[in-house]
Amino acid sequence: MNISKLQHLLLFLGSSCQSEVTTTPAPTKKRVTDVRLPLSLDPVYYDVELQPFMYGGNPGAFSFRGFVRIVLKCLTATDNVTLHINKLNIANDTIRFSAESPTSSDPVYTSWTEDKVRQFMIVHLDRAMTAGQNYVLQMNFTGPLTDDLHGLYLSSYPRGNQTVYLASTQFQPTDARKAFPCFDEPAIKSHFNITLIRPSHLTSLSNTPIRDSSRTWSEGGIDWVADVYETTPKMSTYLLAFVVSDFVSLSATTANNVTYRVWARPESISQAQYALDVGVEVLTYFENYYQIPYPLPKQDMIAIPDFAAGAMENWGLITYRETAMLYQPGVSSEGDKQRVAVVVSHELAHQWFGDLVTPSWWDDLWLNEGFASYMEYVGVDVVHPDWKMFDQYIIEDVQDVFDFDSLVTSHPVYVPVSHPDEINEIFDRISYAKGASIIGMMKHFLGEQTFKTGLTNYLNQRSYDAAFHDDLWTAMTAQAQRDGKNLDVKAIMDTWTLQMNFPYVTVTREGADSIKVTQARFLRDPNAVDTGKYKSPFGYKWDIPITFTSSRELKFDKTDADVSWLWRSSPERVIPAEGLLPPEGDTDGWVLANVKQHGYYRVNYEESNWRALCKQLATDHTVIPQVNRAQIMNDAWNLARGDYLSMDIALLTVEYLHQEMDYIPWHEAQKELDFVDKMLSRTALYGDFQKFMLSKVQGPFRAIGMNNTGASHLQSYLRSILAYIACQYDDPDCVGNSTALFKQWMDQPDTNPIDAGLKATVYCTAIRVGGVEEWDFAYQQYKMADVAAEKARLQRSLACSQKIWILGRYLNLALTPSEIRKQDALKVIQSISLNTLGRGLAWDLFRGKWDTIRSEYGQSFFSFTSLIGTLTKSFNTEFQLQQLQEFMRTHPNQGSGTRAFQQAVEKTRSNIAWMKQHYNTLADWLERQNP
């Protein structure tokens with residue numbers, strides 16, 4: 001039932017007497033696993049009212065107060081209400097419990113206890129509730145409003161000499177409970193009536209439109225307004241969002257009459273126009289693609305100055321880091337522009353995958369993130385078809401996640417999780433990029449129309465509800481059967497989601513007209529010992545869709561009709577290939593498998609075929625599409641790393657690079673050769689390696705130059721990567737141009753002459769070869785920059801200095817929030833660790849400040865786990881391995897970084913083995929390359 005305004009106000013202002021509360025013992029170091037709520041009650045709807053206080057006194061003392069009223073349906077008789085709270089102070093004398101239709105026999109509230117380990121609030125009753133009846137629980141509470149970037153938190157930005165504050169939220173995965181008492185699990189959906197109380201000169205935003213703002217009053221010298229929002233659809237707690245700020249907006253209306261607004265600081269609102277344009281177009285396209293209207297009347301997007309992740313898909317109110325939403329032509333680069341488009345598309349895809357249909361539990365996180373990570377390319381491809389997003393998808397997701405998923409410390413796509421640290425751990429490349437990769441593979445073997453219709457059926461069947469991955473497989477299998485395709489999608493996809501790692505397929509010629517294929521598990525280090533945590537239910541065998549072409553056929557646009565299958569039940573298969581194979585004895589003829597790399601697997605060949613492919617690259621590389629040129633390098637280098645292929649073949653794949661003028665292959669080549677750089681950077685071979693790199697990059701670099709005028713999007717990308725490599729290895733033209741441009745900027749700070757696409761290279765190079773004057777100038781520009789992408793670029797470039805004392809000073813600034821925003825601190829340490837001179841400094845600071853880093857920054861799990869991987873990326877000696885293992889031994893409580901540390905050990909061992917096995921081979925090869 002509803003309560004009157006007077007009752008509401010009395011409850012809201014109630015005292016915080018603690019006489020009735022008892023608390024369980026403080027958390028122990030042992031991680032609990034039974035953290036799930038009992039399923040006895042189902043919340044029908046919530047009334048939530050929140051009032052943040054951001055004025056007067058010390059920001060460290062800012063707070064919020066709130067009221068919650070929950071109507072509960074009793075599913076199973078129980079004598080308590082167990083829900084979530086974290087860091088909230090409950091006003092005990094405001095707790096009320098009653099039946100929705102009271103009788104004399106109803107249970108009565110007696111007391112409550114808090115289980116801080118499980119973050120439970122347990123409300124005790126004198127007798128059990130009756131199954132099928134509705135009950136009401138309500139209470140007032142207060143909480144701290146801090147800058148920890150989780151729950152309802154404090155953000156700020158400077159305006160002149162003043163600091164402007166705002167309140168924002170980040171609830172995923174388990175932090176709605178920091179804002180109000182709730183049933184904070186994804187499957188426990190409900191309707192929400194939200195009221196946000198704000199000072200009259202500010203605005204508030206939530207998931208739905210404002211219904212009423214007529215309630216006003218004065219308190220504490222401030223005029224307050226209560227914004228009452230429309231009732232939300234049935235949704236999960238983690239998708240709620242609240243913002244109170246002085247931000248302003250731009251707006252548009254979509255073709256399907258959805259009000260679309262973008263919000264930013266007043267100083268930055270013009271930078272939000274591109275995100276608005278992309279959002280309107282992509283939202284409308286997704287409505288048509290899914291054949292399901294966007295479920296809400298409005299879509300807001302807002303750029304928050306302090307934000308832990310890149311963006312968050314809150315239903316109807318998407319929150320972003322500023323670099324992920326703001327774009328300023330002439331200042332931001334083409335890469336910055338693409339990042340905005342990709343993140344906007346990703347979050348809009350979530351409005352269906354994740355928001356409309358939500359995973360039952362976090363073990364199916366990939367159902368959210370994998371689909372959004374694939375659909376982001378679909379959305380951007382509609383807006384910018386010339387960007388070749390599906391070519392970029394291969395290098396950005398498929399080939400990228402192979403590195404993570406080639407470890408025994410990887411994990412399955414579907415993975416059991418319980419404790420919040422374990423949930424945070426799986427917000428990683430497996431859930432995102434491997435999820436996207438296997439979805440892309442499924443789309444290819446099902447065909448576009450079957451895939452789309454199956455998705456629509458799945459979304460319609462589970463709308464406003466939660467789903468298990470089998471629900472998706474059932475919908476896809478049914479549609480495949482209707483379309484005449486005899487495929488058991490669940491049986492196929494289980495092999496890709498329920499076991500970690502991936503296969504490599506060996507392709508050999510079998511006579512004149514047949515190909516033999518075999519499969520085996522790929523590991524970066526085949527000698528690595530499985531931890532035993534995840535046992536494969538299929539013996540590391542997969543159902544693999546395979547496609548082929550050849551120098552004879554040269555057909556690269558394969559469809560689902562061209563797919564052959566290598567089933568897990570058979571270790572090998574001979575596939576007819578009449579008319580495909582080159583004539584026997586043709587030493588220049590070749591076969592290429594996994595055309596356009598639609599499949600999530602590597603391919604190995606007999607040596608003669610590898611040599612024929614490399615000869616094709618050397619004579620006319622354009623015969624092979626750029627995606628497959630990148631694939632050849634990626635497969636060869638990583639097969640060689642695992643000793644499945646001779647290193648001589650891997651080296652052969654990059655010898656043609658002085659002819660390469662496309663971005664996709666150069667991106668892959670740079671990644672593989674950067675690994676060699678890190679392995680050799682402190683060895684006697686590094687000078688010879690530098691000469692080799694210059695011999696390959698100088699021709700393409702001189703051809704494309706540093707003048708970006710008139711370049712297309714991907715030409716700009718190519719120019720950026722070639723300039724980066726050329727300057728990295730001290731090409732005199734690149735270094736000279738960079739230092740001259742930077743000096744010109746220093747002489748006229750108000751006019752930056754550097755092309756946006758080359759800024760990262762120019763800044764880094766000038767700071768690297770310069771001294772404190774260049775560094776101080778760049779730091780001053782960083783402090784003054786009002787475009788987030790420019791700020792981030794300068795922040796990374798400041799780590800390029802070759803003066804250790806400057807790097808040491810920068811490390812100290814990283815953990816000083818008044819200098820470096822908390823959201824960026826770990827990224828600064830990460831950038832310094834990528835500098836050969838800075839590696840040891842960053843590693844020492846990480847170990848010395850571990851307690852601070854883990855407690856203050858460890859909840860920013862994306863940055864935290866990434867930092868661990870980057871700090872240890874170049875470790876390749878027994879001494880470094882011992883240091884790493886000793887640190888882990890003396891710091892056993894690694895929180896959400898546990899898996900990242902385990903992977904660091906595995907990668908370090910692999911690097912040590914690589915150095916022992918391949919150092920002499922590289923020495924001989926480099927001598928031949930640099931006579």
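We count residues from 1, following the sequence as given. Just so it is clear, the values below take in all heavy atoms, side chains as well, and ignore hydrogens, waters and symmetry mates.
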- Message: Closer than 4.0 angstrom, basic N to acidic O: yes or no for Asp227 and Arg198?
- Response: yes
- Message: So does Ile426 get a backbone contact from the side chain of Ser431, meaning a donor-acceptor N/O pair under 3.5 Å?
- Response: yes
- Check the angle between the aromatic planes of Tyr165 and Phe62 and answer parallel, tilted or perpendicular using the 30° and 60° thresholds. perpendicular
- Side chains of Gln715 and Ser712: donor-acceptor distance under 3.5 Å anywhere? yes
- Query: Does the side chain of Glu369 pick up a donor-acceptor pair with the side chain of His346 at under 3.5 Å?
  - Reply: yes
- Shortest non-hydrogen pair, Met325 vs Tyr320, comes out as SD-CD1, 3.6 Å
- Is it the case that Ser332 and Lys337 place a side-chain donor and acceptor less than 3.5 Å from each other? no
- Task: Hey, can you tell me if Phe371 and Phe353 have their rings parallel, tilted or perpendicular (30° and 60° cut-offs)?
- Result: parallel
- Check whether any side-chain heavy atom of Thr169 lies under 4.5 Å from a side-chain heavy atom of Tyr153, and answer yes or no. no
- Starting at CZ of Arg261, measure out to CZ of Phe247 and round the result to the nearest 0.5 Å. 14.0 Å
- Of Arg321, Gln830, Lys791, which meets side chain to side chain donor-acceptor pair (under 3.5 Å) against Asp824? Arg321
- Side chains of Asp364 and Trp366: is there a donor and an acceptor less than 3.5 Å apart? yes
- Pair Tyr157-Asp246, side-chain donor/acceptor within less than 3.5 Å: yes
- Message: Between Asn207 and Leu239 (side chain of the first, backbone of the second, donor and acceptor by atom type, cut-off under 3.5 Å), is there such a pair?
- Response: yes
- Any idea which heavy atoms bring Gln299 and Val258 closest together, and the distance? N-CG1, 4.0 Å
- Answer yes if the side chains of Ser716 and Arg719 hold a donor-acceptor pair under 3.5 Å, and no otherwise. no
- Item | Polar side chain donor-acceptor pair, Tyr238 to Glu185, under 3.5 angstrom | no
- Message: What I want to check is whether the side chains of Gln170 and His150 have a donor and an acceptor closer together than 3.5 Å.
- Response: no
- Message: Looking at Thr456 and Lys452, would you say the former's side chain and the latter's main chain have a donor-acceptor pair under 3.5 Å?
- Response: yes
- Interatomic distance, Met375 atom CE to Lys443 atom NZ [nearest 0.5 angstrom]: 7.0 Å
- Tell me whether the centres of the aromatic rings in Tyr717 and Trp666 are closer together than 6.0 Å. no
- Message: Over 60° means perpendicular and under 30° means parallel, so tell me whether Tyr289 and Phe286 are parallel, tilted or perpendicular.
- Response: perpendicular
- Message: Quick check for you: to the nearest 0.5 Å, what is the distance between Asn368 atom CG and Phe427 atom CZ?
- Response: 8.0 Å
- Item | CH2 on Trp362 to CG on Asn424, rounded to 0.5 Å | 10.0 Å
- Query: Just by distance, with hydrogens left out, do Tyr763 and Glu790 show a side-chain donor and acceptor under 3.5 Å apart?
  - Reply: yes
- Salt-bridge criterion met for Arg793 and Asp336 (N-O under 4.0 Å): yes
- Heavy atoms of Lys783 and Ser818 approach each other most closely as NZ-O, 3.5 Å
- Query: So, Asp147 and Ser155: side-chain donor and acceptor under 3.5 Å apart, yes or no?
  - Reply: no
- Between Arg429 and Asp397, is a salt bridge (Lys or Arg N to Asp or Glu O under 4.0 Å) present by the stated rule, with each step listed? CA-CA 8 Å; Arg429 296 300 288 160; Asp397 277 359; 3.2 Å; yes
- Task: Fit a plane to each ring of Tyr46 and Phe192, take the angle between them on a 0 to 90° scale, and name the class: parallel (under 30°), tilted (30 to 60°) or perpendicular (over 60°).
- Result: parallel
- Note on the structure: Heavy-atom closest pair (Gly279 atom, Val344 atom, distance to 0.1 Å) is CA-CG1, 3.8 Å
- Trp387 versus Asp381, side-chain donor and acceptor atoms under 3.5 Å: no
- Query: Hey, mind stepping through Glu287 and Tyr294 against side-chain hydrogen bond (donor to acceptor under 3.5 Å, both in side chains) and telling me if it holds?
  - Reply: CA-CA 6 Å; Glu287 287 186 296; Tyr294 173 67; over 6 Å; no
- Any sub-3.5 Å donor-acceptor pair from Ser333's side-chain atoms to Gly757's backbone N or O? no
- Message: Checking Gln392 against His667: is there a side-chain donor and acceptor pair closer than 3.5 Å?
- Response: no
- Could you tell me if the ring centre of Phe171 sits under 6.0 Å from that of Phe242? yes
- Message: Testing the basics here: between Val401 and Ala433, what is the closest heavy-atom pair and its distance to 0.1 Å?
- Response: CB-CB, 3.6 Å
- Plane angle bin for Tyr779 and Tyr810 - parallel if under 30°, tilted between 30 and 60°, otherwise perpendicular: perpendicular
- Are the side chain of Trp352 and the backbone of Leu356 linked by a donor-acceptor contact shorter than 3.5 Å? no
- Task: Indicate the atoms forming the closest heavy-atom contact of Tyr55 with Pro199, along with that distance.
- Result: CE1-CG, 3.6 Å
- Message: Nearest 0.5 Å, please: how far is CD in Glu396 from CG in Asp391?
- Response: 11.5 Å
